[in-house]
Amino acid sequence: MTKDVLAYIGLGSNLNDPVIQVTRALEALGTIEGTSILEASQFYTSPAMGGPVDQADYVNAVAALRTVLSPRNLLQQLQLLELSQGRKRGPRWGSRIIDLDILLYGDRIIDEKDFRVPHISLHQRAFVLIPLFEIAPDLIMPNHGKLSHLVDALDSDELELVRN
Ligand code: ROI
């Protein structure tokens, strides 16, 4: 039997109707081979944090996946989904139609130049930590310890739930 792993994916968009983009991407995640969605957070909106200031607000969510894919293969699939949703290469931290990041892959630590898990900025981004906490409040993360401690340390009140 192939071993499967619990992975957490961060989704974000601030272009071309972000709620629709994040919804489409969530649906697409469930179609990746060897992968199923266990849970998804609600959608949250917030101003661009940590990038150029003249950007539209983002919509973010986090999904829990069960996958038999390796971290690299999962990353490749996410990049294909980004392209199929029309993502163009732009400036670092610039606006994007869809951004799909591997936040966590089981308790694995990956430290390669172009690929780091846990995600390099996971611990300081309210738009990742709060939706992650919604679906995994008891999570203990490699490198970072208890998710609840990171959430307690956030001083951001800029995240709002998207009301449908
Ligand atoms: N800010 C928010 N609120 N949401 C994001 O998904 C996001 N992504 C980014 C930068 C530009 C750093 N800021 C963000 O890449």
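Indexing begins at 1, ligand by ligand and atom by atom, following the structure's order.
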For the pair [X] (side chain) and [Y] (backbone), establish whether a donor and an acceptor sit closer than 3.5 Å, ignoring hydrogens and angles.
| X | Y | result |
| --- | --- | --- |
| Ser13 | Ile97 | yes |
| Glu134 | Gln42 | yes |
| Ser41 | Leu132 | no |

side-chain contact (heavy atoms from CB on, under 4.5 Å) between Leu78 and Leu29, worked out: CA-CA 8 Å; Leu78 297 182; Leu29 285 178; 3.5 Å; yes

What pairs meet the salt bridge (charged side-chain N to carboxylate O under 4.0 Å, His left out) rule with one or both residues in residues 48-74, with sequence neighbours excluded? Asp4-Arg66, Arg72-Glu112, Arg72-Asp114

Per-ligand residue contacts, ligand 1, heavy-atom threshold under 4.0 Å: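 If the criterion is a heavy atom under 4.0 Å, then ligand 1 touches Ser46, Pro47, Ala48, Met49, Gln55, Tyr58, Asn60, Trp93, Arg96, Arg125, Phe127.
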
What residue among Arg96, Gln79, Gln21 forms side chain to side chain contact (heavy atoms under 4.5 Å, CB included) with Arg87? Arg96

